[in-house]
Structure formats: C-alpha cells, structure tokens
Number of protein chains: 2
Amino acid sequence: MSKNTHISQLITRLARLSASETWGGDLNPAQVSALSYLSRANRFSRSPSHVAEYLGTTRGTMSQTLKSLVGKGYVAEVSSETDRRSISYDLTPEGVRLAARRGVLDDAVGSVPERERAILHGALSDALRSLVAKNGGRSFGICSTCRHHQRKGRTPYCGLLDLVLKPEEALQICREQTS
Amino acid sequence: MSKNTHISQLITRLARLSASETWGGDLNPAQVSALSYLSRANRFSRSPSHVAEYLGTTRGTMSQTLKSLVGKGYVAEVSSETDRRSISYDLTPEGVRLAARRGVLDDAVGSVPERERAILHGALSDALRSLVAKNGGRSFGICSTCRHHQRKGRTPYCGLLDLVLKPEEALQICREQTS
DNA sequence: TTGCAATAGTTTCGACTCGCTACTATTTTT
DNA sequence: AAAAATAGTAGCGAGTCGAAACTATTGCAA
C-alpha cells in the first residue's frame with residue numbers, strides 16, 4: 001500500500017463526499033461540474049464536445065447534461081456564426097450567480113494553511129497533466145500560460161487564432177492551451 | 001473566482017477523469033471506492049454502514065454495491081459473532097489482488113515531485129477533516145494516530161475497545177479514530 | 001464540382017447508480 | 001416486557017452514463 005494510493009483515495013473521497021451537495025437544490029454533480037467549467041472557459045471552449053473532453057465523458061452524455069441545464073435556466077444555447085454545426089453554451093445571469101457560489105469543497109480547501117495551498121495547487125496540476133497526457137487528451141489550461149499567448153501593447157493576443165482578446169479572457173480556460 | 005475554486009475543480013476533475021477507469025474490466029467507480037476502502041479498513045470498520053458513512057452515501061446504496069462485489073468474488077460476507085445484525089465484508093484473495101492494483105490516478109500522483117507529495121497529503125487531509133467536521137461525520141483515520149492508541153510492550157493496543165491489536169492493524173483505517 | 005470522409009450535436013436504448021421509503025431482525029433502553 | 005434504536009435489505013423511481021445510430025454541416029480530394 002503506497003503513499004500514492006493514500007493520496008488517490010483522499011482525492012476520490014473528497015470528490016465523492018462533496019458530490020452529495022446539491023447546489024441550490026436542483027443540480028446534480030455532473031451538472032455542477034459542467035456549469036463550473038463553463039463559468040471558467042473562454043468563448044472558444046464552450047461546446048458540448050469541449051466540456052465532454054474536459055470532464056472525461058462522451059458527447060452524448062454531455063449533451064443531455066447541458067440540455068437539462070438549459071431547462072433549468074442556467075445556460076443558453078448560442079449557435080456559432082462560422083460553423084453551423086457548432087453550439088456554444090453560455091451562462092445566463094442566474095447561471096453566473098450559481099457558479100459563483102462557494103461549495104463545501106471550496107470551504108474545505110480554504111482550511112488548508114495559506115502557505116501549503118499554492119503547493120497543493122501545483123501538485124494537483126502536475127497530477128492532472130500526467131493523467132491527461134497518458135490518455136492522449138488536452139489539459140485545457142489558462143490562456144495566459146499558453147505558448148501562443150502574446151500582447152499587442154496592453155491587450156492580450158492569441159497567436160494561434162490570430163485574434164485580439166478581451167483582458168478577462170486571458171485568465172479563462174482554453175482548449176487550445178499548450179505549455 | 002477564487003484560488004480555492006480552482007483547487008476544488010482540480011480535485012473533482014481528477015476524480016472524474018480517473019472514474020472512467022474500469023479496473024480489470026468489471027468494476028464501476030462506486031465498487032472501486034468500496035473495495036479500496038475495505039482493503040485499508042480494520043476489522044471493526046468493514047460493515048455496510050461504515051463504508052457508506054466513509055464514502056458519503058446511504059446504507060441502502062452501499063448494500064447493493066457490496067452485494068455486487070460479493071457476486072464478482074472480490075469480497076465475502078462474514079457475520080459478526082457478537083452482534084447478529086452486523087456483517088463484515090472481507091476481501092477474498094482475488095479482492096486483495098485487485099485492490100493492490102495501481103490505478104491511473106496513483107500513477108498521476110506519482111508524477112508529483114517527491115518533496116511536494118508529503119505536503120499534498122497533509123493539505124488534502126486537512127481539507128477532508130474540515131469537510132467531514134462540517135457534516136458532523138467521522139474522519140476514519142489511521143489507528144496509530146488515535147488518542148486511544150497505546151502500546152503494551154511491543155504490540156499495539158486499543159484503549160477504547162480494550163483490545164490487543166495485530167501489528168499491521170495499527171496502520172489500518174478505523175472508524176473510531178479520534179485525533 | 002461532386003462525392004466521400006470527418007466532425008458536431010442529438011437521440012434512443014439498456015445497464016446501472018443512487019436516495020428514499022418500507023420492512024425484518026436484532027439489540028439496547030426504559 | 002415493551003418500546004426505541006440500530007443493522008441490513010428490498011423495491012421503486014429518477015436520473016447518469018456509454019454506446020450506437022442518426023442528422024446536419026464542413027472539409028478534402030479526385
């Protein structure tokens with residue numbers, strides 16, 4: 001029984017215990033995860049495929065989850081102008097409000113001493129990168145940490161998509177992010 | 001969007017991504033969690049109630065999960081001598097073998113630099129303790145870290161149950177553990 | 001350009017999870 | 001001895017999930 005196993009079990013147990021939280025009463029864990037991701041993803045990364053890949057599920061399953069979030073009024077479908085197959089799911093004001101809620105797991109993490117929290121974040125990021133790499137997926141990192149991230153004067157700029165970005169977008173999750 | 005939220009999302013995402021692992025082909029995530037717990041719990045902590053409390057689910061749900069593990073040959077029912085309502089689920093040799101398997105999440109944790117791993121473990125333990133405390137539950141800690149843990153010469157001894165323990169039991173999970 | 005392959009999303013089906021409630025059996029309390 | 005508490009199980013219904021089939025759109029290549 002290795003130390004690594006203990007840590008894995010801590011991670012899955014934390015996730016499992018916090019999964020019983022219903023978030024305002026009408027959201028299940030899958031929906032919470034999806035909503036939470038959407039609240040942090042940039043405008044190029046909010047399709048069913050992207051959320052599915054991020055959370056390690058299938059497009060079909062995620063399609064159901066997102067439709068149910070639409071029904072509850074937390075997200076809205078926005079069809080793409082450039083690719084008519086593609087849909088972006090954007091948060092409604094209610095969705096934004098709900099996503100800003102602190103969950104029990106957030107509070108629990110808050111009880112970790114300040115100094116250790118940065119290390120915790122880094123260590124979990126390392127583990128995630130390794131896990132994702134083995135499965136051949138993308139890590140979906142923060143835009144500003146990307147090798148394509150540049151600046152034109154004061155405004156951020158994406159060298160991959162050749163696009164000027166809004167300042168807040170540099171801090172969002174992007175599916176194309178590469179270290 | 002606080003740093004705590006980022007960390008929570010890392011935790012749930014790691015758990016979710018690793019949940020798709022089937023562990024030899026015929027175990028689902030709930031069963032993996034239960035088996036994994038049983039492999040680390042001492043003989044006083046292996047009943048359906050205990051596993052349910054540890055994993056934050058109900059007795060009814062856990063009863064099903066454990067029955068299905070029995071059907072697959074990984075655990076066996078052992079009825080208690082002292083309390084005829086009570087059942088302990090012990091691992092079969094196949095169960096032991098399967099529980100010893102390293103999962104993708106274990107490997108991912110292994111990629112975290114050695115120095116940070118101890119801090120990761122401590123930080124996650126802190127978070128878990130805080131989460132459990134808020135829900136009024138038990139943390140199910142390691143026997144040897146318990147306030148009732150004593151030694152009679154060389155052998156460990158439990159002051160709460162007034163029992164001599166086998167050496168390996170001191171390192172197992174106990175539902176009565178109190179810091 | 002036309003046809004074929006790839007991609008995005010949805011739908012449907014079956015297996016399964018999960019919480020809830022009701023129930024039996026046993027133990028503990030009063 | 002009766003009542004209350006506890007351990008475990010069974011069955012129901014809502015919902016998750018993955019797989020496969022399907023539609024629509026886009027990309028590619030002959």
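All values reported here derive from a predicted model rather than from experimental measurement. Computed over heavy atoms, backbone and side chain alike; hydrogens, waters and symmetry mates excluded. Letters A, B, ... are given to chains in the order of the sequence lines, protein chains preceding strands, and every chain is numbered from 1.
The CD-C1' distance, from Q31(A) to dC17(D), rounds to 13 Å in whole Å. What separates CD of E77(A) from P of dA8(C) is a distance of 17 Å, to the nearest Å. As rounded to whole Å, 18 Å separates atom P of dA7(D) from atom CZ of R46(B). Taking atom CG of residue D83(A) and atom C1' of nucleotide dT25(D), one finds them 7 Å apart after rounding to whole Å. For the pair L69(A) CG and dG15(D) C1', the interatomic distance rounds to 14 Å; values are reported in whole Å. Atom CG of L66(B) is separated from atom C1' of dC18(C) by 14 Å (rounded to the nearest Å). Between the CG atom of L55(A) and the P atom of dG18(D) there is a distance of 11 Å, rounded to whole Å. Note: NE2 (H50(A)) to C1' (dT7(C)) measures 11 Å, nearest angstrom.
For T57(A), whose side chain is taken as the heavy atoms from C-beta onward, the closest listed nucleotide among dT9(D), dC17(D), dC18(C) is dC17(D). Here the nucleotide nearest the side chain of Q64(B), chosen from dG11(D), dT10(C), dT25(D), is dG11(D). Which of dA24(D), dT9(D), dT26(C) sits closest to the side chain of R85(A) comes down to dA24(D). Among dT11(C), dG8(D), dC17(D), the nucleotide with an atom closest to any side-chain atom of P48(B) is dG8(D).
Side chains of H50(A) and Y89(A) form no contact here, defined as non-hydrogen atoms less than 4.5 Å apart. Side-chain contact check for P48(B) versus R59(B): every heavy-atom pair is 4.5 Å or farther apart. In this structure, V70(B) and E77(B) have side chains that are in contact, with non-hydrogen atoms separated by less than 4.5 Å. A 4.5 Å side-chain heavy-atom check between R43(A) and Q172(A) finds every atom pair outside the cut-off. No side-chain heavy atom of Q9(A) sits less than 4.5 Å from a side-chain heavy atom of L105(B).
Evaluation of atom-type donor-acceptor distances gives no pair under 3.5 Å for the side chain of R84(B) against the base of dT26(C). A donor-acceptor contact under 3.5 angstrom links the side-chain atoms of T61(A) to the base of dG18(D). For dG8(D), its base sits under 3.5 Å from the side chain of R59(B) at one donor and acceptor pair at least.
S47(B) comes within 4.0 angstrom of sugar-phosphate atoms only, judged by non-hydrogen atoms across all strands, and of no base. Residue-level contact check: S68(B) touches neither bases nor backbone, having no heavy atom under 4.0 Å from any strand.
Side-chain nitrogen and oxygen atoms of T58(A) include none within less than 4.0 Å of the OP1 or OP2 phosphate oxygen of dA19(D). The phosphate of dC17(D) has OP1 or OP2 within less than 4.0 Å of a side-chain N or O from R16(B). Between S86(A) and dG9(C) there is a side-chain N or O to OP1 or OP2 distance below 4.0 Å. The side chain of S63(B) places no N or O atom within less than 4.0 Å of a non-bridging phosphate oxygen (OP1 or OP2) of dA10(D).
Taking the centre and axis of the six-membered ring of F44(A), the NZ or CZ atom of R175(A) falls outside the cone set by 45° and 6.0 Å.
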